[in-house]
Amino acid sequence: MTVHADYRLSQLDELEAESIHIFREVAAEFEKPVLMFSGGKDSIVMLRLAEKAFFPAKIPFPVLQVDTGFDFPEVLGCRDSWVSRLGLRLVIASVDDAIAKGVVVDDGKTSRNRMQTGTLLHAIEEEGFTAAFGGGRRDEEKARSKERVYSHRDDFGQWDPKNQRPELWSLYNGRIHAGEHMRIFPLSNWTELDIWHYIGRERVEIPGIYFSHQREVIARDGMLMSAGDYNPLRPGESVETRTVRFRTVGDMTLTGCVESPASTIDEIIDEIAVARLTERGATRGDDRFSEAAMEDRKREGYF
Amino acid sequence: MTSFASALGKPSMDLLRFATAGSVDDGKSTLIGRLLLDSKSIFADQLEAVEATSTARGYDYTDLALLTDGLRSEREQGITIDVAYRYFATPNRKFIIADTPGHVQYTRNMVTGASTADLGLVLVDARQGLTEQSRRHAVILSLLRVPHLVLCINKMDLVSFSEERYNQIHEEFTSFATKLSIPDLTIIPISALLGDNVVARSTNMSWYEGPSLLHHLENVHVASDRDLVDTRFPVQYVIRPKSDDYHDYRGYAGRVSGGVLKPGDEVLVLPSGFTSTIAGIDLFETELEEAYPPMSVTVRLEDDIDVSRGDMICRPQNAPTPSQDIDAMVCWMANTPLRPRQKLAIKHTTRSARTLIKDVQYRLDVNSLHRDLETKELGLNEIGRVQLRTTVPLLCDSYETNRTTGSFILIDEATGVTVGAGMILASG
Ligand SMILES: Nc1nc2c(ncn2[C@@H]2O[C@H](COP(=O)(O)OP(=O)(O)O)[C@@H](O)[C@H]2O)c(=O)[nH]1
């Protein structure tokens, strides 16, 4: 905290204050909130902000992770370390379990993202969560730029972009009907750079795969995918070792990495500052199919 | 000339939130696209998508306006219809743009965008000069008490960068602005398309001696806009860890809405009327020497008094007025009109209550500022003066003195939808 003589707050402190306000507002007004925690950098920043919002008390809600079955081991390790340090309850919504129970269908045609969405919505319904914090940021993607901090989901978990509630000042409206829930985006006004500056400032633990390392990769569709049983080689492909890092972490079958020597937060910040691609454009196979891909997924209740 | 290493922003930089408004085709999207592009906030994949679309549409230039339109439905209509938030940064400041549609049928969106803005940017086409729309935009920004206003006279290239034309519009606007409350007004002639006076001072308009738009945005002083005198701390959440280490800890969490709080300060808690002294102010593991807007902190008091969410911590000699009768300017946001005797839910700071609409005193014509005393209801997007009676006292300041403790939202109890935005005029 830098206290300026003229009562100015740095923008990072202002973003932090805004997010903490949102966490407290939700904890006060919703019966059963949950924080969607992937173990990625955005959800780690969310958890850090929640920790600050309620300190010295414990965070008064559990965290929920959608286990895709293809999560990076480093990310799961980091998740466990956060959850145990903060003494939180971890709810795991497993895609494989959901398939086994018939909650979602794996017919070979349904995308993994869609199955994750189904798994998530089922878990929210099962547990009766009324508010789910997500790490979405408005700078990520065009369709997100109009989403509210409190984003209303109907009883099918769907978002109706044409029918959003006005959101004025910092007066959030948390009213929902039975069966509905609210997605809460406390990082709405953060940019990718803000996230990194904050991680650097707070010195919090993040998965090692965000930093430069040697990895066996496959060049596919203009991206570098991690090599392993989960990404079988296609005809004409080969495995090679490159110096890479991940800009986003998700399902290993969908998330690519970029060649990078950046091995510290400062180097990552320098790299992003001159980066040519948005983090999604660079490394998310799921966003590349159409310009409106993200919007479609969001309508269906994707996080 | 400002040098850009934009994305490289330092963590110490501060934040400016501004709202933009313009009528369709005034060049708002082009201007925002240029600010994003010139501050290197556009990524290659975004730019490529826009270039591809421009080519597909048969344009021989990259339509920067395409960078800023959003949802598919809006793309189909070819017009922005909701508030979109955009981000860019220069080495010293981060900017959040609330990009709002300009049409009268989207007044509620403009009100929404303006509610959090430190600065409002109104765009006019130099060929047309002031229109009914631009007057309305200025009125709304002044109603929402946005402290700084910038009028950009765009498309100066189409009027041969004429100083005379600039002066005409300047004069027309300043005389209109005297009817409004605009603490700080700046008028800048620009060409969003060619970049004149957007980032760098234009060489085509050497007669203009003011700053470029970006220079102004980077330097306008906003911290002093906040009320640092009248202490207001609405309690959001009570923190009681009941753990071994913090057995007796009881902290009142919230966001400072006004004034500067310090340990040792004598405070008054409303509505109970108890007084106590601030024992400490915590932000996570740090004990602060002072807290001021818009910080989120936790306040501990010396005395064990009953304080809960919805209460307000202030000073014995300087407190808001608890009141159940409220006089406010309301912007109505629902399809069915606001009428006397209607019952609604109301949220003010951290307090929620129910309210009865006692009277609609007049409807304000936001184009002419004329008060229509005949109409006793407010339709969608209309603004008027309303009297309300609440079930519990609200701890009110006038919106003029404090935009946080002077504002409220109205909620339809059946649908749960936010249907109105209120700015408190007087209470008692
Ligand atoms: N000559 C000229 N044309 C401009 C300028 N700014 C915008 N335009 C053009 O005006 C039209 C409308 O601009 P746009 O940014 O889409 O307007 P919006 O509807 O306000 O977002 C487009 O054809 C732009 O290229 C300018 O400064 N000079």
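All chains are named by letter (A, B, ...) in the order of the sequence lines, taking the proteins before the strands, and each is independently numbered beginning at 1. Values in this document were obtained by computation on a predicted structure and should not be read as measured data.
Between A:F55 and B:Y246, the closest heavy-atom pair is CZ-OH, 3.7 Å. Among all heavy-atom pairs drawn from B:T349 and A:L171, the shortest one is O-CD2, 3.5 Å. Of all non-hydrogen atoms in B:V297 and A:R24, the two that sit nearest each other are O-NH1, 3.1 Å. In this structure, B:I239 and A:F54 approach most closely via the heavy-atom pair CG2-O, 3.5 Å. Scanning both residues, A:A17 and B:S296, for their nearest heavy atoms gives O-OG, 2.7 Å. Across all their heavy atoms, B:L144 and A:W169 have their closest contact at CD1-CZ2, 3.8 Å.
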Please report the C-alpha distance between A:D194 and B:K94 in whole Å, then the side-chain angles of each, then the deciding distance to 0.1 Å, and finally whether the salt bridge (charged side-chain N to carboxylate O under 4.0 Å, His left out) criterion is met.
CA-CA 10 Å; A:D194 296 331; B:K94 170 170 159 173; 2.3 Å; yes

Stepwise salt bridge (charged side-chain N to carboxylate O under 4.0 Å, His left out) test for B:K347 and A:E167:
CA-CA 12 Å; B:K347 186 172 180 186; A:E167 199 159 76; over 6 Å; no

Taking it one step at a time, do B:Y237 and A:E25 satisfy side-chain hydrogen bond (donor to acceptor under 3.5 Å, both in side chains)?
CA-CA 8 Å; B:Y237 191 86; A:E25 210 51 22; over 6 Å; no

Residues B:R108, A:L168; criterion side-chain contact (heavy atoms from CB on, under 4.5 Å); working and verdict
CA-CA 10 Å; B:R108 63 175 191 153; A:L168 297 114; over 6 Å; no

Is there a side-chain contact (heavy atoms from CB on, under 4.5 Å) between B:D14 and A:L9 once you walk through the steps?
CA-CA 7 Å; B:D14 71 355; A:L9 222 48; over 6 Å; no

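B:I96 touches chain A through its side chain: at least one heavy atom from C-beta onward sits under 4.5 Å away, while N, CA, C and O do not. Heavy atoms closer than 4.5 Å to chain B are found in both the backbone and the side chain of A:K52. With a 4.5 angstrom heavy-atom cutoff, B:E289 does not touch chain A via any of its atoms. Contact annotation for A:I176: neither backbone nor side-chain heavy atoms come within less than 4.5 Å of a heavy atom of chain B. Contact of B:Y87 with chain A is made through the side chain alone, with heavy-atom distances under 4.5 Å. For B:A52, no part lies under 4.5 angstrom from a heavy atom of chain A. For A:W196, no part lies near chain B; criterion is any non-hydrogen pair under 4.5 Å.
In this structure, A:E31 places its CD atom where only 12 or fewer heavy-atom neighbours from other residues, nucleotides or ligands lie under 6.0 Å away.
Side-chain atoms of B:R86 and A:S145, non-hydrogen and from C-beta on, do get closer than 4.5 Å to each other. Put simply, the side chain of B:F95 does not reach to within 4.5 Å of the side chain of A:Q11, judged on heavy atoms. Side-chain atoms of A:I20 and B:Q236, non-hydrogen and from C-beta on, never get closer than 4.5 Å to each other.
Atoms CG and CZ, on B:L15 and A:R8 in that order, are 11.5 Å from each other to the nearest 0.5 Å.
In terms of non-hydrogen atom pairs under 4.5 Å with chain A, the most contact-rich of B:G422, B:G251, B:S243 is B:G422. If you tally non-hydrogen atom pairs under 4.5 Å between each of A:R175, A:E29, A:R138, A:H152 and chain B, the highest count goes to A:R138.
Salt bridge B:R226/A:E14: present, at least one basic N to carboxylate O contact under 4.0 Å. Checked for salt-bridge contact, B:D82 and A:R148 meet the test: a charged N lies under 4.0 Å from a carboxylate O.
When atom types are taken as modelled, the side chain of B:Y85 and the backbone of A:S188 share no donor-acceptor pair closer than 3.5 angstrom.
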